[in-house]
Amino acid sequence: VPFKFAVGPWVKPKLLITSSDVGGVKHSEWNLDDLFWVVDHFAYANANHQVGKAYRCMNAKTNEEEIFDEDDLAESIPE
């Protein structure tokens, strides 16, 4: 499975989408300022039986790991 990002580069999440309405109607989107680096990537089968691509990333500020789908990341350069 070809991956867009190798292990090691800096990435940022594109958008964080949240719902602040109980009915799920109102949504908010914003860019996260946190910088991550890719520590691992893996393929998985999604609900539609298609191959999904995910990345285990380490937050540069907090050293906490988070997992993102490939479409949710953009390559970045540390400032």
Side-chain angles (χ1 to χ4, degrees):
V1 176
F3 288 90
K4 184 176 179 180
F5 305 106
V7 172
W10 294 97
V11 293
K12 281 189 174 185
K14 290 180 182 175
L15 292 173
L16 179 64
I17 301 172
T18 61
S19 175
S20 59
D21 188 271
V22 176
V25 175
K26 184 178 178 183
H27 294 281
S28 299
E29 297 180 353
W30 66 87
N31 287 328
L32 293 176
D33 292 330
D34 290 347
L35 189 63
F36 294 83
W37 72 88
V38 177
V39 294
D40 192 17
H41 50 65
F42 54 93
Y44 64 93
N46 64 21
N48 295 329
H49 304 287
Q50 296 174 335
V51 175
K53 299 173 192 173
Y55 295 82
R56 181 175 291 110
C57 301
M58 182 77 67
N59 186 310
K61 290 181 185 176
T62 65
N63 285 334
E64 292 181 12
E65 285 190 356
E66 294 190 40
I67 295 176
F68 297 98
D69 279 343
E70 186 170 79
D71 294 337
D72 296 335
L73 293 174
E75 197 159 1
S76 185
I77 299 172
E79 298 174 4

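Start at 1 with the first residue, then count along the sequence. Only heavy atoms go into these numbers, but all of them, side chains included; no hydrogens, no water, no symmetry mates.
- When all heavy atoms of Pro2 and Lys53 are compared, the pair lying nearest together is O-NZ, 2.7 Å.
- Cluster annotation: Trp10 is connected to Val39 through the hydrophobic network of ILVMFWY side chains, with a link wherever side-chain heavy atoms come within less than 4.5 Å.
- Between the side chain of Asn48 and the backbone N or O of Gln50 there is no donor-acceptor pair closer than 3.5 Å.
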Item checked: Test log, rule side-chain contact (heavy atoms from CB on, under 4.5 Å), inputs Cys57 and Val38 -> CA-CA 4 Å; Cys57 301; Val38 177; 4.2 Å; yes

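- Using a 4.5 Å heavy-atom threshold, the side chains of His41 and Phe5 count as separate.
- In this structure, the side chain of Lys4 does not engage the main chain of Asp71 through any donor-acceptor pair within 3.5 Å.
- In this structure, CG in Asn59 is found 6.5 Å from CD in Glu66, a value given to the nearest 0.5 Å.
- Two rings, from Tyr55 and Phe36, have their centers 6.0 Å or more apart.
- Taking the side chain to side chain contact (heavy atoms under 4.5 Å, CB included) definition, one finds that Ala43 meets it with Val1, Phe3, Val51, sequence neighbours left out.
- Nearest approach of Asn63 to Met58, heavy atoms of both residues: O-SD, 2.9 Å.
- The salt bridge (Lys or Arg N to Asp or Glu O under 4.0 Å) test applied to Asp69 returns no partner, not counting sequence neighbours.
- Between Leu35 and Val11, the shortest heavy-atom distance links the atoms CD1-O, 3.7 Å.
- The two residues Ala54 and Ile67 make their nearest non-hydrogen contact at CB-CG2, 4.0 Å.
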